[in-house]
Amino acid sequence: MSHSLGTSQNPLRVAVIGSGPSAFYAAEAYLKQTALVVEVDMFERLPTPHGLVRGGVAPDHQKIKSVTKVYDKIASDPRFRFYGNVEFGRDIQHTDLVAHYHQIVYATGAQTDRRMGIPGEDLSGSHAATEFVAWYNAHPDYRDLHFDLTQTHVAVIGNGNVAMDVARILASSEAELAVTDIADYALDALRKSRVTDIYVIGRRGPAQAAFTNPEIKELGELADAEVIVLPKEAALDPLSQEMLTREPDRTVMNNVQTLQAYAQKPPTGKRRRIHMRFLWSPVELIGTERVEAIKIVKNELQLADDGSLRPRATDQTEIIPVGLVFRSIGYKGVALPDVPFDSKAGVIPNQQGRVINPATGT
Ligand SMILES: Cc1cc2nc3c(=O)[nH]c(=O)nc-3n(C[C@H](O)[C@H](O)[C@H](O)COP(=O)(O)OP(=O)(O)OC[C@H]3O[C@@H](n4cnc5c(N)ncnc54)[C@H](O)[C@@H]3O)c2cc1C
C-alpha cells in the first residue's frame, strides 16, 4: 500500500547542499511545516557547518557570528541530520540524491569573486579579498596562503562590507585583534605587519558606497589608525545631491556626514592611515614580478537608463605605490555538476527559487 507524501509512513525527504545561512533557513522553513512530515539531511563539503558566518564574517564581529545559535537550534531538531566533509559533485552526485530524496535545495553560496580584468591582476601581491578573509578566519582551504605583510602600502578595491572588513583587520592593533577569534597564525602574522597606509578605492562617490554607517564609523574608532578623506572627494557631485534631495535615504545621509566629518578632521599622527578614495577605478597593477603600484582613473557619475548613477572614466589618472592589492568587487556562484548554471550571472537559473532549465524555462 502506498502512503501519501509528507506522512509519517512516507516523510518528505529533503537534501540541502551547503550549510551557510541560506541552507539553515531553508531547513528551518521545511521543519516548520505543520501539514507535512519532513526529514532534512544537510551535506557540507567542509567538516564544519555555517558557511561564511564561520569563514567570512570578521573575527571582531562576534555579535554577528552569534547567529549560529539559531542554526544550532535548527540542527537540534531530531528530523535534521548534518553530514560534514561531503562534497556534492565529488562524494555525492545528483543521481544519488534524486534516488533518495524528494527535493534538493542548493545553498552553496557565491564561492568565487569577480576579477577586475585589468593588466597586472595576476602579479604576485594581488589577491581576492576573500582569500585573505578565509585565511584569517582559519578556513582549511586557505590557511596555508601567504600575504606579504612586510609591504607598507596596500590597496583595497571596493566599497562593500568585505572591503571594510579587510581594511579594518589590516589597520587594527595587536590588542584589538587579540581579543577576537582570529586564527592564531594570522594574529601572529598581523602582529608583525608593517602596513601603514591602506587605500580603499571606490568607483563611485560617498553617496553610492555600499558600506553601512556602523562599518565606516568603526574605522574611525581604531586605536592605531585614522581615516583620511579628501574634502573634494567627500563633497557630493550635483547628480548625487539632486538624487538625495529627491529620495532622502538615512543610511546614505549618515555615510556622507561621517565621511565629511573625517574630511574636516586634522591628522592625529596615528601609526596607520586608511585613505578612503572615491570616484576612482583601478586600470592597471604595475610591477615586474610583483605589484609595485596601482594606476587608477578618475570617474564622473552619469545617469543610467535604470535611473542609477554609473561611473564613467575621465582622462585623469593617478599612480599610488602599493605592494599588496585586495579586490572585493562582487561575488558569484560556481557551477555544480549536473545542475543548470547561468555562467554570465553566476547563479543557478531559477523561478522563485525553483531550479529551471534555461533552455526550456521549466
Ligand atoms: C568577508 C565577509 C564578511 C561578511 N560579513 C557579513 C556581516 O557582517 N553581516 C552579514 O549579514 N553578512 C556578512 N557577509 C555575508 C554573509 O556571510 C553571506 O551573505 C552568507 O554567508 C551567505 O549565505 P549562503 O548560505 O548563501 O552561503 P555561504 O555562507 O557561502 O555557505 C555556502 C556553504 O556551501 C558549502 N558548499 C559549497 N559547495 C559545496 C558542495 N559542492 N557540496 C557541499 N557543500 C558545498 C560551502 O562550504 C559553504 O559552507 C559577509 C561575507 C563575507 C565574505
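Note that ligands are numbered from 1 as they come in the structure, with each ligand's atoms numbered from 1 the same way.
- Contact annotation for Leu52 and ligand 1: heavy atoms of both the backbone and the side chain come within less than 4.0 Å of the ligand.
- Using a 4.0 angstrom heavy-atom cutoff, Val334 does not count as in contact with ligand 1.
- Counting heavy atoms only, Arg45 comes closest to atom 36 (N) of ligand 1 of the residues Arg54, Met42, Arg45.
- Using a 4.0 Å cut-off to heavy atoms of Leu336, the atoms of ligand 1 that qualify are 41 (N).
- Each of the atoms 43 (C) of ligand 1 lies under 4.0 Å from some heavy atom of Val86.
- Remark: minimum distance from atom 41 (N) of ligand 1 to any protein heavy atom is reached at Phe88 O, 3.1 Å.
- Nearest to atom 2 (C) of ligand 1 by heavy-atom distance, out of Gly56, Gly20, Ala134, is Gly56.
- Contact detail for Pro206 and Glu233: the closest heavy-atom pair is CG-O, 3.3 Å.
- In this structure, Ala58 has no heavy atom closer than 4.0 Å to ligand 1.
- Using a 4.0 Å cut-off between heavy atoms, Thr108 contacts ligand 1 through both its backbone and its side chain.
- Shown in contact with Gly18 at under 4.0 Å from a heavy atom are these atoms of ligand 1, numbered in order with element: 33 (C), 34 (O), 35 (C), 44 (N).
- You'll find the side chain of Pro59 reaches within 4.5 Å of the side chain of Ile169, heavy atoms only.
- Residue Val57 touches ligand 1 through backbone and side chain together, judged by heavy-atom distances below 4.0 Å.
- For the pair Trp135/His127, no side-chain contact is recorded, criterion being any heavy-atom separation below 4.5 Å from C-beta on.
- A salt bridge between Arg277 and Glu318 is present, with a side-chain N of the basic residue lying under 4.0 Å from a carboxylate O of the acidic one.
- Using a 4.0 Å cut-off between charged nitrogen and carboxylate oxygen, Arg191 and Asp188 count as a salt-bridge pair.
- In terms of protein heavy-atom proximity, atom 23 (O) of ligand 1 is closest to Pro21 CD, 3.2 Å.
- Counting protein heavy atoms under 4.0 angstrom from atom 21 (O) of ligand 1 gives one or more.
- Among Arg272, Gln151, Glu174, the single residue meeting the side-chain contact (heavy atoms from CB on, under 4.5 Å) criterion with Ser193 is Arg272.
- Within the 3.5 Å criterion, the main-chain N or O of Gly205 finds a donor-acceptor partner in the side chain of Gln208.
- Hydrophobic cluster membership for Ile228: none, as no Ile, Leu, Val, Met, Phe, Trp or Tyr side chain comes under 4.5 Å of it.
- Scanning all protein heavy atoms for the shortest distance to atom 49 (O) of ligand 1 gives Glu44 OE1, 2.6 Å.
- In terms of protein heavy-atom proximity, atom 37 (C) of ligand 1 is closest to Gln111 NE2, 3.1 Å.
- A distance-only check finds a donor-acceptor pair linking the side chain of Thr7 to the backbone of Asn10 [under 3.5 Å].
- Counting only heavy atoms of the protein, atom 52 (C) of ligand 1 lies nearest to Val162 CG2, 3.7 Å.
- Few gaps surround CD on Gln9; more than 12 heavy atoms of other groups in view lie less than 6.0 Å from it.
- Close approach to Gly51 involves these atoms of ligand 1, each under 4.0 Å from a residue heavy atom: 29 (O), 31 (O), 48 (C), 49 (O).
- Considering every non-hydrogen atom in both Thr130 and Asp113, the closest pair reads OG1-CB, 4.3 Å.
- Near Ser22, with a cut-off below 4.0 Å to any heavy atom, the atoms of ligand 1 are 23 (O), 24 (P), 25 (O), 26 (O).
- Less than 4.0 angstrom separates atom 17 (O) of ligand 1 from at least one non-hydrogen atom of the protein.
- Using a 4.0 angstrom heavy-atom cutoff, Ser19 counts as in contact with ligand 1.
- Ranking protein heavy atoms by distance to atom 6 (C) of ligand 1, first place goes to Asn161 ND2, 3.3 Å.
- Ranking protein heavy atoms by distance to atom 8 (O) of ligand 1, first place goes to Ile64 CD1, 3.2 Å.
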task: Step by step, work out the side-chain hydrogen bond (donor to acceptor under 3.5 Å, both in side chains) result for Gln93 and Asp338.
output: CA-CA 8 Å; Gln93 311 299 332; Asp338 303 322; over 6 Å; no
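- The ligand atoms of ligand 1 that sit less than 4.0 angstrom from a heavy atom of Ile17 are 42 (N), 43 (C).
- Within ligand 1, the atoms closer than 4.0 Å to a non-hydrogen atom of Ala107 are 32 (C), 33 (C), 34 (O), numbered from 1 in the order shown.
- The proximity of Phe43 to ligand 1, defined as any non-hydrogen pair under 4.0 Å, is limited to the backbone.
- Distance check on atom 10 (C) of ligand 1: every protein heavy atom falls at or beyond the 4.0 Å cut-off.
- Residues Asp224 and Lys270 fail the side-chain proximity criterion, which asks for heavy atoms closer than 4.5 Å.
- Scanning the protein heavy atoms around atom 3 (C) of ligand 1, the nearest turns out to be Asp165 OD2, 3.2 Å.
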message: Could you go through Asp165 and Arg168, starting from their C-alpha distance and side-chain angles, then the distance that decides it, and tell me whether this counts as salt bridge (charged side-chain N to carboxylate O under 4.0 Å, His left out)?
response: CA-CA 5 Å; Asp165 283 355; Arg168 192 179 66 258; 3.2 Å; yes
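- For the pair Asp197 (side chain) and His275 (backbone), a donor-acceptor distance under 3.5 Å is absent.
- Each of the following atoms of ligand 1 lies closer than 4.0 Å to a heavy atom of Val133: 1 (C).
- Under 4.0 Å is where a charged nitrogen must lie from a carboxylate oxygen, and between Glu39 and Arg79 no such pair does.
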